[in-house]
Protein chains: 2
Amino acid sequence: MQTSDRIIEAATWLIKKNGYRGVSTKAIATEAKVNESTIFRQFGSKQGILEAIIERHSDIPQFEKLLKEDATDNPEVDLLNVSQQYRLFFHKNADIILIGIRDKGMLPELDRVLADPPVKLHSLLVEYFERLQKKKVIAIQDERLAAMSFLSMCYGFQMSELIHRQYQSQLVTEEEFYKHSVSLFVKGILSHS
Amino acid sequence: MQTSDRIIEAATWLIKKNGYRGVSTKAIATEAKVNESTIFRQFGSKQGILEAIIERHSDIPQFEKLLKEDATDNPEVDLLNVSQQYRLFFHKNADIILIGIRDKGMLPELDRVLADPPVKLHSLLVEYFERLQKKKVIAIQDERLAAMSFLSMCYGFQMSELIHRQYQSQLVTEEEFYKHSVSLFVKGILSHS
DNA sequence: TAGATATGCAAGCGTGCACTTGCATGCATT
DNA sequence: AATGCATGCAAGTGCACGCTTGCATATCTA
């Protein structure tokens, strides 16, 4: 069905731009080149569109594999892989992340979907760092803090790209940022105080 | 005048929670224990309250001093100072930062106020790192990228505290995070390739 | 004490919004 | 050709919202 696709696409674009409450069903209909009543026949309510948007985008990243089975235990390699995956996650879900931030509290489920990946990744990183310390690959240190530093770095870069894209973004490209940041971070966790 | 204070306080709290469009003037009046008409007599319009909120909170941080006159050129010391200042900036402006993110595009002025500090701080850090490289305090490297890494780390930590406070926050305290992150970062920029 | 100022109260105005409904039309399957 | 289904169209409903107004009351100042 092509109609509901157009509606979802139009709604996503408009809500991302103006926020859920800043967009009327009439505006969505016009943007989708569809009659307003069609929206309600398809989705039941305005909230129904939002739910459809989220459902369509639900795509949780799998960091487990990268940090367990596939791990090389060379932190520079593994962390670069993680950062790439994280970056991909932000790109794929840019729309609902922005919507989730703007219209926080609108859909509790959405809040969770956005809050969980960082928490999950943090605990995986902690395990990973613990293992590398036991294997004496990296220096002894507080894994919780190291994981948080790395995570904040990635999260911060992606968020500032998402939120302030029109102002910044040209300062540094994603590739060079991660290449440099990972290697800098690895130097930090290698060296003994 | 105590009345307008109560109105601003109530509006800030409600808008932060539900977004500008998610709050009615009636709700603000009730929360402030004030008659709705009083709001319009004081601020003219709903938008007027928002402007008053921003005006009251305008407080731009001064990083120049920390990285120029007051700089010790010991990166661990200077960067810790910067991070403290950045952290303070987020605490003082938590309300309007959250509002600015939720209701982006509502007030162009607000967008600027929030986007400028990171950009400014980035260019100051670039200058700072250039100087330390010339003085051979730190290793030769791309200052743009180093500055971006540091900035993203701070920005990411503060943003995730602001946005996901109810889910995370207890993982790591601010003090230990910055102490650890700065020292880790400094190790990274000290060591040669 | 007299007047100005700030606020409360109640009623209301116009508008935009989410959502509904009844009917007509096109399109595809059988 | 007949049937069902998705959609368009137009009109409308009820409600919440931003905002106004006229009047009464309280508080403060000259």
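The basis for the numbers below is simple: all heavy atoms, side chains too, and nothing from hydrogens, waters or symmetry mates. Numbered from 1 within each chain, the chains take letters A, B, ... in sequence-line order.
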Roughly how many Å is it from [atom1] in [X] to [atom2] in [N], rounded to a whole number?
X       : N      : atom1 : atom2 : result
A/Arg21 : C/dA18 : CZ    : P     : 12 Å
B/Phe43 : C/dA6  : CZ    : C1'   : 14 Å
B/Ile28 : C/dT7  : CD1   : P     : 16 Å
A/Lys46 : C/dC17 : NZ    : C1'   : 8 Å
B/Ile49 : D/dC17 : CD1   : P     : 14 Å
A/Ile7  : C/dC19 : CD1   : C1'   : 15 Å
A/Leu14 : C/dA18 : CG    : P     : 12 Å
A/Phe40 : D/dG8  : CZ    : C1'   : 16 Å

Nearest to the side chain of [X] - [options]?
X       : options                : answer
A/Arg41 : C/dC23, C/dA18, D/dC19 : C/dC23
A/Glu36 : D/dT20, C/dC19, D/dG8  : C/dC19
B/Ser24 : D/dG18, C/dC19, C/dG8  : D/dG18
B/Gln42 : C/dT7, C/dC19, D/dG8   : C/dT7

Practice problem: Assign B/Ser37 to base, sugar-phosphate, or nothing according to its heavy-atom contacts below 4.0 angstrom with the strands shown. | Solution: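 Here B/Ser37 touches the bases of the nucleic acid.
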Quiz prompt | Short side-chain N/O contact to D/dG18 OP1/OP2 from B/Thr25, under 4.0 Å | solution =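 It does, given that an N or O in the side chain of B/Thr25 lies less than 4.0 Å from OP1 or OP2 of D/dG18.
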Quiz item: Side-chain N or O of B/Gln47 less than 4.0 angstrom from OP1 or OP2 on D/dG18?
Solution: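 For B/Gln47, the contact criterion (side-chain N or O under 4.0 Å from OP1 or OP2 of D/dG18) is not met.
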Quiz prompt | Distance-only donor-acceptor check, side chains A/Thr12 and A/Asp95, under 3.5 Å | solution =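 A/Asp95 and A/Thr12 do not have a side-chain donor-acceptor pair below 3.5 Å.
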Exercise. Establish, from distance only, whether the side-chain atoms of B/Glu174 and B/His91 form a donor-acceptor pair under 3.5 Å.
Key: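 Yes, a side-chain donor-acceptor pair sits under 3.5 Å.
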Quiz item: What is the ring orientation for A/Tyr155 with A/Phe90, classed by angle as parallel under 30°, tilted 30 to 60°, or perpendicular over 60°?
Solution: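 Judged by the thresholds at 30° and 60°, the geometry between A/Tyr155 and A/Phe90 is perpendicular.
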Quiz item: Below 6.0 angstrom between ring centroids: does that apply to A/Tyr178 and A/Phe157?
Solution: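 Under 6.0 Å, so yes.
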Quiz prompt | Residues B/Arg41, B/Ser37; criterion side-chain hydrogen bond (donor to acceptor under 3.5 Å, both in side chains); working and verdict | solution = CA-CA 6 Å; B/Arg41 287 195 262 247; B/Ser37 59; 3.1 Å; yes
Quiz prompt | 5' precedence on DNA chain C between A/Lys26 and A/Asn35 (nearest-nucleotide basis) | solution =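 By nearest-heavy-atom nucleotide position, the 5'-most residue is A/Lys26.
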